[in-house]
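As the structure is a computational prediction, the values presented were derived from the model and not from experiment. Naming: A, B, ... by sequence-line order, numbering from 1 per chain.
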There are 4 protein chains.
Amino acid sequence: MGYAARMTPSRRAPDNTRRNEATRKAILNAALELVGEVGYAKLSVEGIASRAGAGKQTIYRWWPSKGAVLFDALLSLSEGPEGGPGELPDTGDLESDLRAVLRATADELNDPRYSEPMRALTVEVLVDPELAADYQQRLEEPIREVKRRRLRSAQEAGQLSSELDLDVAVEMIWGPVRNRWLHRDGPLTGEYVDVVVRTALDGLRAPDTPEGATEGREDVGAPGGTG
Amino acid sequence: MGYAARMTPSRRAPDNTRRNEATRKAILNAALELVGEVGYAKLSVEGIASRAGAGKQTIYRWWPSKGAVLFDALLSLSEGPEGGPGELPDTGDLESDLRAVLRATADELNDPRYSEPMRALTVEVLVDPELAADYQQRLEEPIREVKRRRLRSAQEAGQLSSELDLDVAVEMIWGPVRNRWLHRDGPLTGEYVDVVVRTALDGLRAPDTPEGATEGREDVGAPGGTG
Amino acid sequence: MGYAARMTPSRRAPDNTRRNEATRKAILNAALELVGEVGYAKLSVEGIASRAGAGKQTIYRWWPSKGAVLFDALLSLSEGPEGGPGELPDTGDLESDLRAVLRATADELNDPRYSEPMRALTVEVLVDPELAADYQQRLEEPIREVKRRRLRSAQEAGQLSSELDLDVAVEMIWGPVRNRWLHRDGPLTGEYVDVVVRTALDGLRAPDTPEGATEGREDVGAPGGTG
Amino acid sequence: MGYAARMTPSRRAPDNTRRNEATRKAILNAALELVGEVGYAKLSVEGIASRAGAGKQTIYRWWPSKGAVLFDALLSLSEGPEGGPGELPDTGDLESDLRAVLRATADELNDPRYSEPMRALTVEVLVDPELAADYQQRLEEPIREVKRRRLRSAQEAGQLSSELDLDVAVEMIWGPVRNRWLHRDGPLTGEYVDVVVRTALDGLRAPDTPEGATEGREDVGAPGGTG
DNA sequence: TGATAATCGAGACGGTACGTCGTGTCTTGCG
DNA sequence: CGCAAGACACGACGTACCGTCTCGATTATCA
């Protein structure tokens, strides 16, 4: 399950069968621990190796960069027994489903144990296009597909506009939360999540009311039948 | 106008009056040139100093990190003769104003001369909270205020919902464009901009159609069956 | 009394009349203190200036090197009210006179307050031929002349060989003491002094005794009349 | 045979077996060349490393200071195939043996190729007590022992006083030559060597002439009157 | 069941850059 | 002007990591 294992064999594919699994785990753990303790900027291959009780060469043999190590480390975290990312809840009430999902996400992002390595990886991906491709393919896209699926379901239920670009829609809903986390420009609270979901769904425009029904907005909630 | 000048005097604030302005500019220029040539990862204080014909100490005297240098360099780029960031166009037609502004932004972000240093700085800000605070205060916030102002104007004209959280609204409109640029997850085209603006304004929901489709919207009405 | 004042006017002789005497003394004192505290290797112009409350330029204006400062500092120490180094005792008993003088010298060299700066200066002189010339002329030679004078007196009294090269003789007597101090290859004790004096005077050869009178050597002391 | 190899393992003794011998020699050579070209004051670890095509760390790994490098470099010069410093000639004629040895020494000291690095090292030893201990033990003392041995032989042959302190005797003979070299206070000629040897052996005193001038001595007998 | 071949730990190596210190020169403003 | 203060270009310091490269010493297939 190492990084290099799934890469196109760039130089010389080491014989993966002989690989020492215990060492691999030790390295991944060390990477996670260290990124939490000293931050990504001060994370070093040498540090990981020494913490893991491994030789530097062992790391360079299997991973092309410290970003790749961190990537695998995070994957090994999030990968439960099964492979995929599971499905989003679909109770029929889109808005409350989204609220629930995003609040859970927010909780995760507020937990430094997960958040710090994740931020580190994200930053590394921004900087290293090599890594970015793999990241998009193996982490980002599967998750995005799950999100799209949930939205498509709502769309088919007539709750979302049929002409919607689902990728834009995903961005509208999840983007603000990720941004607030990544750029640290405010606390990631449940209230924020709620406002984002509501605003994304309803849009920014004033309701098209000849006779101002501003307060009526409070209960724009998906009407049972049509929703 | 240097970085340190606006910092809280943490250790020993150097006497800014004695500062050599020519050297300061040379350093800023060198930083910009180099980040364009070799990228941020390979940008070094040593390189900047040597390119600028300055001593390293001179850089360390006035800036705490290469990120701070780059920050000032980018500020000095965007700072025209006057100080502030100007005002957004306000023709009364919010949607087309936003389209124009965002397309201009997209053009800028598609120009590597501006884009690469900007991405570098953005990433550095993600990694260095020290820098982040200053960045928020001196670049992000003023610009965001301008955006809020334009939206508030639309709000007062009754075009936007009166109960809107303007920060969330700004995020809805500008966030997706910034993200597509920063994360490189797609081309930053005029079409994308248009879709984003439209979607943000109208929201994701299907129009509660039966009677009277909302005006100004190309009504493609979700076909009943699939909904 | 500054160093430069007596130098050949190499570059541009500053106007000595305007010189601030208090500052000069402060600098000399600072140099002495610092060389005692941190050693010569870590002595710096910057350190001297800061300790003296003087500007660096003030030092560079009046001295060509930190060695020169230290030189003047030591001169100002040893220079009592009168100028010259005085005369060596001449009781008529050369051996005991030498013993007394050398034991006093040894005491001085065992005192770190004097010894450390002195060692520093000596080393600097070994390294800087520029400084060495001045040193020879202003410190070494006058003192050597005094020593020669005492030996010449003994020579004229028939106590020393008339064909003696007095410079070699001075070296024989004072050299070993200076060396033991400078090279730290043993303790500088009164016993050592005594042995040196005795050995230098008597030479290394076995006494020319057909009938071995080894023990008689104890009282080779200068015979009253001829001594 | 590196410096660290013989040091007490102060911090972390690097594994000497893994050491790259070619690099070690390159460093030593570079140090010797450079000290000859630019002098000790301008000798820098950086310069040695670059000249040797080595990394600075490689130098710091094995030597604690540039003085230590120079030390090893000089040792590697003087160390012929065998280890020790050989034996002094012993023809039975002490005086002419000493003359020969000292004239050879003087020649060596007059050759800048050997003399300049040697002076540099000597000065460094004066300044760095850390280095001094090793220096005494590895260079000074073995050589001194050889000298003592020759003198002891003469002593046993009855040519030198039996109660002589051999260390003082060595100092009497070799000290003046070393000093004239180190302090540059005169040319180091064969004549000087001869005078020193003669004077050291015979002592400074006037021969207690009246009856029987010591044989082997050009008797210029101090004329009674002036004595 | 050894021979053989890879991985592994350890860590030396040539490099690049770090951030700091000191040099000697130059500039500013006070007395 | 001398002077305190200190910015400046420069050079070197000693350290941290980089990524590559041996070294034995384990493993772990395959002959």
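Among residues two or more places apart in sequence or in another chain, the side chain to side chain donor-acceptor pair (under 3.5 Å) test is passed with B/Gln57 by none. Residues passing the side chain to side chain contact (heavy atoms under 4.5 Å, CB included) test with A/Ala30, sequence neighbours excluded: A/Ile48, A/Arg51, A/Ala52. Residues satisfying the side chain to side chain donor-acceptor pair (under 3.5 Å) test with D/Thr23, not counting sequence neighbours, are D/Asn20. Residues passing the side chain to side chain donor-acceptor pair (under 3.5 Å) test with D/Glu116, sequence neighbours excluded: none. Judged as a salt bridge (Lys or Arg N to Asp or Glu O under 4.0 Å), and not counting sequence neighbours, the contacts of A/Arg18 are A/Asp15. Applying the side chain to side chain donor-acceptor pair (under 3.5 Å) rule to A/Lys56 yields the partners A/Glu46; only residues at least two apart in sequence or on another chain are considered. For D/Ser50, there are no side chain to side chain contact (heavy atoms under 4.5 Å, CB included) partners at least two apart in sequence or on another chain.
Within residues 28-49 of chain B, the residues approached by DNA chain E to less than 4.0 Å at the level of any non-hydrogen atom are B/Ser44, B/Val45, B/Glu46, in residue-number order.
Residue A/Arg19 contributes atom CZ, which lies 17 Å from atom P of F/dT27 at whole-angstrom precision. When the P atom of F/dT22 is taken as reference, atom OH of A/Tyr60 falls 17 Å away, rounded to whole Å. Between the P atom of F/dC3 and the NZ atom of C/Lys56 lies a distance of 17 Å, rounded to the nearest Å. Remark: C1' of F/dC18 and NZ of A/Lys66 are 10 Å apart, rounded to the nearest angstrom. Rounded to a whole Å, the CH2 atom of B/Trp62 is 11 Å from the P atom of F/dG6. The CG-P distance, from A/Asn16 to F/dA28, rounds to 14 Å in whole Å. Taking atom CH2 of residue A/Trp63 and atom C1' of nucleotide E/dT7, one finds them 13 Å apart after rounding to whole Å. Between D/Asn20 atom CG and E/dG15 atom P the separation is 13 Å, expressed in whole Å.
Side chain of D/Thr122 to backbone of D/Met118: a donor-acceptor contact under 3.5 angstrom is found.
Taking side-chain N and O atoms only, A/Thr23 has no distance below 4.0 Å to OP1 or OP2 of E/dT7.
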Quick one: which protein N/O atoms are closer than 3.5 Å to N/O atoms of nucleotides 27-30 of chain E? Pair and distance per line, please.
from: E/dT28; atom 1: O4'; to: B/Arg18; atom 2: NH1; distance (Å): 3.2
from: E/dT28; atom 1: O2; to: B/Arg18; atom 2: NH1; distance (Å): 3.2
from: E/dT28; atom 1: O2; to: B/Arg18; atom 2: NH2; distance (Å): 3.3

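Each of A/Ala54 and D/Gly55 was assigned the nucleotide of DNA chain E with the nearest heavy atom; the assignment lying further toward the 5' end belongs to A/Ala54.
A heavy-atom distance below 4.5 Å is found between the side chains of D/Asn16 and D/Arg19.
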